[in-house]
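Proteins get letters first, then strands, A, B, ... in listed order; numbering begins at 1 in each.
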Amino acid sequence: MKPARTRIAPSPTGRFHLGGARTALFDYLLARKTGGQFILRFEDTDRKRFVPGSEEEIIRSLDWLGITPDESPVHGGKYGPYRQTERREIYQRYAGILVEKGSAYPCFCTPERLDQMRREQEARKVERVRYDGLCRRLDPEEAARRVAAGERHVIRFKMPYEGTTTAHDHLRGDIVTENKYLDDYVLLKSDGLPTYHLSAMADDHDMEITHVIRTAEWLPTFPLHVQIIRAFGWEEPVWIHPSIFLKPSGKGKMSKRDDAAAIKDGYSIFVDDLQGLGYIPEGVLNWMALMGWGVAEDDVMTLDEMIARFSIDNLTPSPAGINFQKLDHFNGTHIRLLATEDLARRLKPYLTGAGLAVDNDTLLKVTPLIRERLVTLDDCIPFAGFFFKDGVEPSPEELVAKGLDAQQSADIAHKAYDILASLPTLSHQVAEPPMREFVERSGLSANQVFGILRVAVTGQKVSPPLFESMEVIGREKVLERLQRAVELLKKM
RNA sequence: GCCCCCAUCGUCUAGUGGACCAGGACGCAGCCCUUUCAAGGCUACGACCGGGGUUCGAAUCCCCGUGGGGGCACCA
């Protein structure tokens, strides 16, 4: 396959969400797969909706995911500028060409007139509300004069009133639309900036984009876009329209309200939130890729594996409901795949962020103990926080073993103390055998005995394996904590 | 209302006319392992939206319903 040039063309009007990220992923995979380029271009022609900071958020999110663009406003490239407001003259020139060719025309109708026109059509219950063609019927020379005189106007595309347009989507085949259901869409606004219809087609052409991957919300104007390209006489890219993401129930588009609910549960549809929630790029990427990309088996993949296996032929056209439980699964899976040093390095900020004093030696020893218990990175706080505290405060109630009372539990703790105190070190190889013997002799269950020790030493009922944990904590502290537990139990 | 798209287990999906009494993954349930919690292993449950065609044969092709989604801006 020839090197593909793909692009993601977000508008900086809000936060960067999963849908945009998945499109970016597919773009990235196709570009890498074919040895081409992945481009980021900002479609910022809607100045009214511009949100400061959103460009930065998009770039930050792509970086974090590890799918950094080859060309963009910040990374540069030979096809720039990559921000549409900086390409204003280009669109005006292209709009002029279309007018000259007779495929577009200036329109002087005011918003008020258009509004009134629509209301009348609605009242008449016309099949399709569309521009009535008032300015389309203007004499071109008169129109040109009015434009030259500086009269406020837009440029509209001259859509044929009859016939059909056939557009081809790689996933869906030919899509045939009757032109009468289309409209004389505005290409250039009265502020001189283009609408998406003009700017995206022009830029994709100028930037030599070979494959346009965009979501299915563009399908209704797909025939328009194809017509614009044909009016210019340009070559069409390969069009790929995956479906949008649905909310977890599979019913309805993912919305801000759903996101508010998701955040409460520790999830978010915004990529920039995911790191803070403990997700790793590998997990997020793997999860996103599988929504809209059909993989028969062996669905755990790193980015490199995805590149190796990716094909636009395996993309699916049906809508996908997002499933955060599956995100958790892939996140945990990829955490377990990480090398110890790598995982430790990623864990550290969460621990220090929780106010814990982390030293690297201890962290390196702790990491293998908690690795398969982590779903998200921030899970390390409840699982391993006690390793980095001077003392623990076990609740007396939790120190009491099931089926025993406080005095019996104190007795067990005391005997355990004596055994451990007699040992030269508390490496788990040294400490575990005598404790097992003790369990045998006591007639109690390992569960009961080790349960008391666990709470005494870690301060919690759930922890990494007991003897490995004691080894990391160290003989001195372990004995100290056991003694303290005996005291607490005796006071009950 | 009109137009467009989609349709396999609850969810993500494999399946491109016979290899399918439909495979995998998540979740769920049970069992094994086990000092807690996990991880891991095994097993179970679980779907071709409905109706017509085409064909010797249809999850796969066509039509009609139904359901779901998207779009109808000087937004993208």
Between B:rC26 atom P and A:Q325 atom CD, what is the distance in whole Å? 12 Å
Would you name the heavy atoms of A:L171 and A:T316 that are closest together and state the gap between them? CD1-O, 4.0 Å
Please report the shortest heavy-atom distance between A:R481 and A:K389, naming the atom on each side. NH2-O, 3.3 Å
Side chains of A:F26 and A:I240: closer than 4.5 Å at any heavy-atom pair? no
CG of A:L246 versus C1' of B:rG68: gap in Å, rounded? 8 Å
Which nucleotide in B:rC26, B:rG70, B:rA25 has an atom nearest any side-chain atom of A:N323: B:rC26
Figure out the CE/P separation between A:M291 and B:rG69, and round it to whole Å. 18 Å
Hey, does the side-chain of A:R49 have a donor or acceptor N/O within less than 3.5 Å of a partner on the base of B:rC75? yes
When you measure only distances, ignoring hydrogens and angles, does the side chain of A:S190 come within 3.5 Å of the base of B:rC74 through a donor and an acceptor? yes
A:Y267 has an atom OH; how far is it from atom P of B:rU11, in whole Å? 18 Å
Validation row, ring centre A:H197 to ring centre A:F157 under 6.0 Å: no
Options B:rG24, B:rU35, B:rA39, nucleotide nearest the side-chain atoms of A:F450: B:rU35
How close or far is atom C1' of B:rU36 from atom CG of A:L399, stated in whole angstroms? 14 Å
Atom CH2 of A:W218 and atom P of B:rG70: how far apart are they, to the nearest Å? 15 Å
Considering only heavy side-chain atoms of A:N447, the closest of B:rU36, B:rG71, B:rG69 is B:rU36
Do side-chain atoms of A:E305 reach the backbone of A:T302 as a donor and acceptor pair under 3.5 angstrom? yes
From the options B:rC26, B:rA38, B:rG24, select the nucleotide whose nearest atom is closest to the side chain of A:H329. B:rC26
NA contact type, A:P111, heavy-atom cut-off 4.0 Å: base, sugar-phosphate, or nothing? base
Nearest heavy atom decides the nucleotide; on that basis, is A:D191 or A:P465 closer to the 5' end of RNA chain B? A:P465
Ignoring hydrogens and geometry beyond distance, is the side chain of A:R128 in donor-acceptor contact with the base of B:rC3 at under 3.5 Å? no
